[in-house]
Amino acid sequence: MLNWIVGFTILIVKLGVVLLVLLLLAAYLVWLERKFLARLQIRYGPNRAGKFGLLQPIADTIKMLTKEDIVPAAADRFIFLLAPAVVATTALMMFAVVPFGSHLTLWGRQIPLVITDLNVGLLYVFALSSLGVYGVAMGGWASNSKYSLLGGIRGAAQMISYELALGLSLVPVVMLAGSFSIVDIVNAQAKYPFIIVQPFAFVIFMISAMAESKRIPFDLPEAENELGAGYHTEYSGIRFGLFFLGEYVHLQILGALVAVLFLGGWRGPILPPPVWLFMKMIFVALIMIWVRGTLPRLRYDQLMALGWKVLIPLALVNIMVTGAILLI
Amino acid sequence: MTLYAIIFYVLAAVIVVTTGLAITRRNLVHVVVYLVFSFFGSAMLFYLFGAPLLAVLEVIIYAGAIMILFLFIIMMVKTETFEERLFPFRQWLPVALIGVVYLVIGALIVSSAPGNQVMLKIALARPEAFGEYLFQRHWLAIEIISLLLLVALVGALYLGRKKAEDDI
Amino acid sequence: MPTIIIDDREIEVAPGTKVIEAAEQLGIMIPRFCYHPALGSVGACRVCAVKFLQGPFKGVQMSCMVDAQDDMVVSTTDKEAVAFRKYVIECLMLHHPHDCPVCDAGGHCLLQDMTVSGGHGIRRYLGKKRTYPDQYLGPLIQHEMNRCIHCYRCSRFYQDFGGYHDLGAMQSANQTYFGRFEEGILESPFSGNLIDICPTGVYTDKPSRYFGRRWDYERSPSLCINCSLGCQTVVSCRYRKVVRQEARLSESVNGHFICDRGRYGFFYNSLAQRPRSCIVDDQTTSVDQALAAVKQKLETFADKDRAQAVACAGSTRNSLETLAMVKHVCQTNRWQPPAYFEDAAATYKLKSAISRLEPDLTVSLREIESADFIAVLGADPLNEAPMLALALRQAQRKGATVAVFDPRPIFLPFEFKHLPANLDMIQTDLGALLNAALEPAALKKLDGSAREFYASLATVKQISAARQAEIVALAELLKASQRPIIVCGTEMVRRQTPALAADYALLMQAAGKSVGLFYVMPGANGFAAGLLADEDVSVETLIAGIEKGSIKMLILVESNPLWQFPDRHRLEQALQQLEVLVVMDYINSEVAQKADIFLPTTTLYETGGVYVNQEGRAQGVKPAYQGGIPIAQTGHGDHPPRVYGTEIPGAEPQAAWQLLAHLIGTGQPLTAEDLRAEIWQWLAKIDSGFKALPCVADIQPQGARFFQAPHAAERFLRERPIGGADNDGQLEVMAVEMTFGTEELSADSACLKALAGSPVIFMYSSDAKQLNLTDGDRVSVELNGGAVEARLQVTANMAAGMLIIPRHKDLDWQKMNTDKTFVHKDQIRKLKD
Amino acid sequence: MNDAVEAVKALAIGFATTFKHLFRKPITEEYPEYKRPLPARSRARIILTRDPDGAERCVACYLCSAVCPVSCISMQSAENEDGRRYAQWFRINFARCIYCGLCEEACPTSAIQLTPEFENCENDILALVYEKKNLLVDHQGKDKEYNYYKYAGVATEVGKKGEHVKEERPVNIKSNLP
C-alpha cells in the first residue's frame with residue numbers, strides 16, 4: 001500500500017511539474033513566436049510589457065481571463081462550451097508519453113523521467129491527436145456562424161488528411177526502433193539520431209506536423225483574411241485562450257516529438273537531459289516560426305494535393321525502401 | 001472492491017449513460033459527441049483490461065476516424081434542428097422488443113456459460129504479438145482484404161477521375 | 001368624368017380638375033411654385049411644365065393651367081419637359097442668393113428641392129445678382145426679399161384669399177418686389193400662413209428663427225386649442241421645447257391655413273416660468289407627497305355630509321379626459337357637482353346650443369365656404385374665432401352675402417353688412433329679416449309650430465326706422481339664397497339667443513332652404529364641457545357657496561377664474577375664505593400662486609388629449625414629445641449640461657386626469673391607456689351623448705363628429721324676448737374678446753404681445769358726442785368695483801348704448817358685476833393725458 | 001524533376017531572405033517616442049475656424065450634424081446683433097466621432113475642418129465631449145481666403161445688401177422705372 005502511495009505521489013508531482021512547464025512554455029512560446037516573427041519581418045515585436053515584452057504573455061493571460069465569455073445566442077451551448085476544452089485537454093494529454101530524460105534516482109528509488117511509458121506510446125499520440133479534431137470541428141459547428149462552420153470543416157478535413165502522412169512517416173522510425181514505445185525509440189537513438197538515416201521521414205513529419213497544428217502555411221481553418229478567425233471566430237475570453245493554449249501546446253508536443261523521434265530526444269553531451277530536450281523543442285519551434293515568417297498560406301486544393309499526392313506516396317515509398325534495407 | 005473495480009464501474013456507467021444519451025438525442029451532432037464519449041470509455045476499459053493496443057486502436061479508428069467522418073457529413077448537411085425529445089412510440093416499440101430479446105439471450109449465456117466464475121487472465125497484448133498473430137496466422141485473409149480495398153480504391157479513383165473530366 | 005393618362009397610368013377625375021391635380025391623385029408630384037390647391041393656378045412660375053403627347057393640346061404645356069380632358073396623354077418625364085423645367089429653375093436661380101446655410105427655409109424649401117431634383121447644381125450665369133432691401137414685417141415674420149422667385153403666392157394669399165391689402169407686389173418687371181408700402185406690422189391675423197405658403201425663404205418664422213432645421217424637429221400632428229374651432233396643426237419640437245406650429249391640411253375644419261393666434265399660441269408650453277414641481281404650503285415637494293397632502297386634507301371631508309363642502313372646477317381648456325375625470329371624481333366622492341363655466345347663463349347657453357345642433361343643420365367650418373348667405377348673430381368672427389372670418393371671406397368671394405348682427409365694432413377682411421344693435425335687439429333684427437325674406441309660397445310649407453313661430457317674429461316695421469331699408473335689402477338677398485347659414489355666438493349673447501338662432505334656422509329649413517347652423521363657443525373644449533356641465537353649477541355658484549360657508553375646499557383643475565371672472569374682488573374674497581385651495585395647472589396662473597397645494601400638470605403637447613370643437617367634432621392628439629424642461633433652460637452657461645442621465649429633468653408632471661385618478665380609491669394605479677379606456681366607459685355612462693364617441697385610437701385624423709342632437713321636442717321657443725328695454729340713458733358694459741391678448745394661453749406668447757396693442761374702450765359716436773368725448777381721449781369708467789382707465793375709441797360701427805371693453809391684460813376690467821353691468825353716463829369721466 | 005529543383009530553389013531563396021532580415025535593424029517607428037508628421041489633410045481632431053477678418057465662420061446651419069453618420073455633432077443656432085447667424089453652443093462628442101470627414105465636406109462656410117492632431121484620448125469619456133470653446137481656433141485652417149458672408153447676400157457687418165461680391169445695388173422699390 002505504502003509503495004502504491006509513494007508511486008502515486010511521484011506520478012502527481014511529475015504531472016504537476018510537466019503541466020506547469022507546458023503551460024508556462026506555451027505562454028512564452030507565444031512571446032517567442034511574436035518576437036522572432038517580428039525580427040523576421042524587420043519589426044520589434046512586443047516590447048512594452050516588461051523588458052523585451054517579457055511580461056506580455058502574463059498581460060495577455062490576465063486580459064483573456066477578465067474578458068467576457070460570450071456565448072452567441074444561436075450557438076449550441078453545450079458543444080460550444082465543450083469544444084475549446086477538448087482542444088486543450090487532448091493537446092496536454094499527449095505529453096504523457098514523451099520522455100524527458102532516462103531516470104532519476106531519489107532515496108534509492110528509480111524514477112523514470114517520463115510520465116508513463118506506454119508500449120503503444122506513438123499510437124497514443126495519434127489517438128489523442130485524432131480526438132483533437134473534434135474540438136475544431138465542434139467549435140466551428142456549434143458557433144452557428146458560416147465562417148466558423150467553414151473553418152471547422154476545413155480544420156477537420158485537413159487534420160484527418162495529414163494524420164495519415166504523419167503516421168506513415170513514422171513507420172520507418174518504428175521499424176528502426178522495433179517498438180511503439182517512445183522510450184524505446186529514444187533508446188534506439190543512443191548512437192545516432194534518426195534524422196541522419198531518415199531525412200525524408202523527418203521532412204514529411206515536419207510538414208505534416210505543421211499542418212496538423214494548423215500553422216502557417218497550413219492555417220486554412222482560421223485564415224484571418226477569408227474566414228475572420230475560422231472556427232474560433234465566435235469565441236472570446238478564456239475559451240478563446242483555451243484554443244490558443246491547445247495550439248501552442250500542440251506546437252510543443254510536435255517539437256518534442258521531432259526531438260524525440262529524429263533528434264535523439266534528451267540525449268546530448270554535458271547539459272542535463274531535460275535541458276537538451278528543451279533546447280531541441282525550441283529549435284524545432286523556431287524553425288516552424290521561420291517557416292511561418294517565410295511562406296504564404298496554401299490554397300485549399302494545394303493543401304489537399306500536397307497531403308494526398310505528395311506526402312503520402314513519399315511516405316509509402318520511404319516505408320518500402322526502409323523495409324527493403326532492413327530486410328537486407 | 002479494489003481501485004480497479006471502482007474505475008471499472010465508473011467507466012461502465014459512463015459508457016452506458018453516454019450510449020443511452022446517444023440513442024435518445026435527436027440532435028445528430030450531440031449524438032456523435034456522446035458516441036465519442038462512449039468509445040473513449042470503451043477504450044479506457046480495454047486499457048484497464050491490459051490491452052493498450054486495442055484501446056488506442058479503438059480511439060484512432062472508431063472515435064478518431066469513423067465518427068469524425070460522421071460528424072463531417074452531419075455538419076455539411078443542413079438537418080432540421082429537433083427539440084431534445086424522445087422518438088415516438090411506434091419507433092420505440094421494435095427497438096424495445098429487440099432489446100428484450102437481447103437481454104434474455106444475454107442473461108441465458110451469462111448464466112449458462114461455464115467460465116463465468118473464473119477470472120480472466122490479463123492478456124497483455126503487445127503490438128508485436130498482435131502483429132505476429134495477424135500476419136502469420138491470417139495472412140491470406142489480410143491480403144484478400146487488402147486486395148479488395150485496393151480494387152475499391154482504384155475504382156473510386158477511376159470514378160472520381162471520370163467525373164472530373166466530365167466537369168471539364 | 002374625363003379620363004386622362006399620365007405617365008402611362010390612367011385616372012378618372014372630376015370635370016375641371018387640372019392636370020397637376022390629377023397627377024397628384026396618382027401620386028405623381030409635378031414640380032410647382034405658384035400653384036397651390038387653396039389659391040388655384042396662375043401659370044406664373046412655368047415649372048410645372050409637362051409634355052402633352054396626345055389629345056387636344058400637344059407639346060410642352062403648364063399642367064396647372066390645363067383642365068384634364070378625355071384622350072389626354074401626358075408625360076411628366078419626357079425629355080423635353082424635363083429640360084424645360086431645368087432651364088426654368090436655372091433662370092429662377094439667377095438672382096437667388098447663396099444663403100441656404102443661413103436661411104430658415106433650408107431643409108424644407110420647395111425651391112431647394114426643385115433645384116436639386118431638377119439637376120441644376122452649378123451656377124453658369126456670371127453676371128451680378130439683383131438685390132432688394134428687406135422690411136420689418138412685425139414680430140412674426142422675417143422678410144428676406146433676395147430669395148424671391150416671384151411666384152406671387154404671397155400676394156395672392158394675402159390679398160385675394162385673406163382680404164388684407166397692406167402687402168403686395170410693387171415695382172415692375174425684373175424688379176418686382178413683395179412687401180408693404182412702408183415697413184410695419186402686417187395687419188392680417190393670418191400673416192403666418194405666408195411662411196407656409198412661400199416656396200422659398202422670403203418669409204420665415206421669426207419666433208423660431210434659427211432654432212433648428214426641419215429634419216431635426218420631432219414633428220407630429222396636433223391641434224390648436226386657442227379657440228373653439230379646433231384647427232389642425234403640425235407641431236415641431238426640439239430639445240424638449242415646442243418650437244413651431246404650422247397649419248395641417250384639414251378638409252373639414254381649417255383647410256390649408258390657421259390664424260396667427262393658433263400658430264403662435266403654444267409658447268405657454270415651454271415658458272421658463274411654467275411650474276414644474278408640486279408646492280405644498282410654499283414648500284416644493286414630490287408629486288406623491290403633494291397627492292398625499294391633498295388626500296390628507298380630503299380626509300376631513302370624508303363623511304357623507306362633509307363631502308359636500310368640497311368643490312371642483314374645470315375649464316374649457318381641459319381635455320375631454322380631464323373634463324370627464326373632474327366630473328367622475330366629483331360624483332364618486334359625492335362632492336359638489338363640478339363647474340366648468342363662469343356663470344350659469346354660459347352653461348345654459350351652451351347646453352341649449354348643443355342640444356340644437358341637429359345633424360342636418362350642423363355645418364363644419366369648411367362648409368361655410370359653400371354658403372350663399374350668412375347671418376352672423378352675436379359673434380365677432382375675427383376676434384373670437386379668427387379662422388371663421390377667413391371661411392366667411394371665402395364664402396363672400398364666391399358671392400355670398402355676410403350680415404353681422406352684433407353690437408361690437410366688427411371688422412372683417414371683406415365687404416359685409418354690419419347691423420349693430422344692442423344684445424336684445426340683434427335677434428329681433430334677424431327675426432325681422434327672416435320675416436321679410438320668407439315669401440308667401442314658402443310660408444305655405446310651414447306647419448303648426450313653425451307658422452306660430454313665424455307669426456311671433458317682429459316685422460320690419462317694428463324695428464327702428466333707420467334699419468328698415470337695410471333689412472329689406474338683405475331680405476331680398478336672403479330670399480334668393482339657397483344655402484343660408486346662421487353663425488351664432490354663445491358668449492356675449494343673451495340666454496335665449498343660441499336657441500333662437502336654431503329656431504331661425506329651423507324656420508328657414510321649414511321654408512325649404514338648405515340651412516346651416518354654426519355656433520361659436522367659448523374655449524377649446526366648450527362643447528364637451530357644456531355636455532358634461534350641470535345646468536345650475538358655475539364658478540359663480542361655487543363662489544356663492546363659499547360665501548355662505550358651505551364650500552370649504554376648492555380644487556381648480558387647469559382652471560383660472562381670476563382670468564375670466566368679471567368680479568375679481570368678490571372672487572378673491574371667496575378664495576381667501578376657503579380652508580383649502582388646490583390648483584392643478586400647467587401655466588403659472590394667478591390662482592396657482594394663491595394655492596395651498598399646487599400640482600403641475602402636462603400640456604396637450606406632452607400627453608395629448610381629445611378636444612371637441614364647436615360643431616361636436618372630437619379630435620384626438622398624440623403626445624408631440626416626452627415633456628420635461630427645455631434643454632435651453634436646464635443649460636449650463638452657453639451649452640446644455642454635461643451630464644448623462646436616463647431621466648428627463650422636469651418630466652414629473654402628470655396629466656390632470658392622471659392626478660385626479662389618485663383622488664378616487666380605485667386600488668391599483670392604472671396605466672395611461674387603461675385609465676383612458678376607463679374614462680371612455682365613464683363618459684358613456686355620464687352622458688348618453690358620448691356613447692357614439694370613438695375610442696382615442698379610433699379617432700381619424702379629420703376627427704369624428706360624434707354628437708348628434710336628437711330632433712329636440714323643444715323646437716321653436718315659445719317665450720321670445722322681442723325688442724330691448726330702454727336702458728334709461730345707461731350704457732351696458734360688455735367685456736369682449738380680441739384676436740390677440742385676451743385668450744389665456746396665447747396671452748403667454750411674447751411675440752403676440754406686440755400685436756395685442758394697448759387697452760382701449762369702444763363707444764358709439766353719438767354717445768361720445770353727448771358726453772363731449774372724442775376719439776383718443778383717456779377716460780375713466782366707474783364700474784361696480786372701481787374705476788377703469790383706458791383710451792377711448794369712438795366708432796360709428798357699433799351699437800348705441802353700449803360700452804365695449806376688450807379684456808386686455810393691462811386693463812383691470814374685472815370690476816364688473818357678475819350679472820349685467822350698466823354705467824350711468826356721469827360715471828364716465830375724461831382724464832387729462 | 002526540374003520543377004522540384006526550381007521549387008526547392010525558390011523556397012531556399014525565401015527562407016534566406018527572411019533569415020537575412022533577422023540581422024537588419026527593425027524599421028518600426030515607435031510611436032510615443034517618435035511622432036511622424038502627418039499630411040495637412042489627415043482626418044483627426046475637428047476644429048472650428050475663423051474668417052480672415054477674425055469672426056467665427058460657423059453659421060450653425062446644422063448641415064454637419066445632419067450629415068454626421070454617428071450623430072456626434074449638436075449645436076444651437078442664434079443670431080447676433082449684426083445679423084450674423086452663429087452657434088450659441090456647438091458640441092462634438094469625440095467619443096462617438098469616427099473621423100469620416102463628412103462634416104467638413106458638408107460645411108458650406110469652411111468652418112468645420114479636420115486636423116492632423118489625432119492624440120485626443122481621455123480616461124473620462126465626458127472629457128471627450130468638446131464644447132465650442134474647445135473647438136474654436138484662431139486661424140483659418142486649410143482654407144485661408146474664404147469668407148462666406150461676402151457671397152451669401154445677407155446683410156451683416158461684412159456688407160449690406162448689394163455690397164457683396166457680384167451684387168447689384170438694391171432695387172428702389174418706390175420707383176416705377178425699370
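Remember, it's a predicted structure, so these values are computed and weren't measured experimentally. Quick note on labels: first sequence line is chain A, next is B, and so on, each numbered from 1.
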Original post:
More than 12 heavy atoms of other residues, nucleotides or ligands under 6.0 Å from CZ of A:Phe283: is that the case?
Top reply: no
Subject >> Whether over 12 other heavy atoms sit under 6.0 Å from D:Lys150 NZ >> reply: no
Original post:
About how many Å separate CG of A:Leu40 and OG1 of D:Thr17, when rounded to the nearest 0.5 Å?
Top reply: 11.0 Å
**OP:** With a 4.5 Å heavy-atom cut-off (strictly below), which parts of residues 288-307 of chain A touch chain D? List them by number.
**Re:** A:Trp290, A:Val291, A:Gly293, A:Thr294, A:Leu295
Subject >> CD1 on A:Ile42 to CZ on D:Phe23, rounded to 0.5 Å >> reply: 13.0 Å
Original post:
For A:Phe194, does the CZ atom sit with more than 12 other heavy atoms under 6.0 Å from it, leaving out its own atoms?
Top reply: yes
Original post:
Does NZ in A:Lys309 sit with more than 12 non-hydrogen atoms of other residues, nucleotides or ligands closer than 6.0 Å?
Top reply: no
**OP:** Would you indicate whether D:Phe15, at its atom CZ, is surrounded by more than 12 heavy atoms from other residues, nucleotides or ligands within a distance under 6.0 Å?
**Re:** yes
**OP:** Can you establish whether the number of heavy atoms outside D:Glu30 located under 6.0 Å from its atom CD is more than 12?
**Re:** yes
Original post:
Is the number of heavy atoms from other residues, nucleotides or ligands within 6.0 Å of CD (D:Glu33) greater than 12?
Top reply: yes
**OP:** For the pair A:Arg39 (side chain) and D:Arg24 (backbone), establish whether a donor and an acceptor sit closer than 3.5 Å, ignoring hydrogens and angles.
**Re:** yes
Subject >> CZ/A:Phe240: more than 12 non-hydrogen atoms of other groups inside 6.0 Å >> reply: yes
Subject >> Contacting moiety of D:Lys25, where chain A heavy atoms sit under 4.5 Å >> reply: both
Original post:
If contact means a heavy atom pair closer than 4.5 Å, which residues of residues 44-53 of chain A contact chain D?
Top reply: A:Tyr44, A:Asn47, A:Arg48
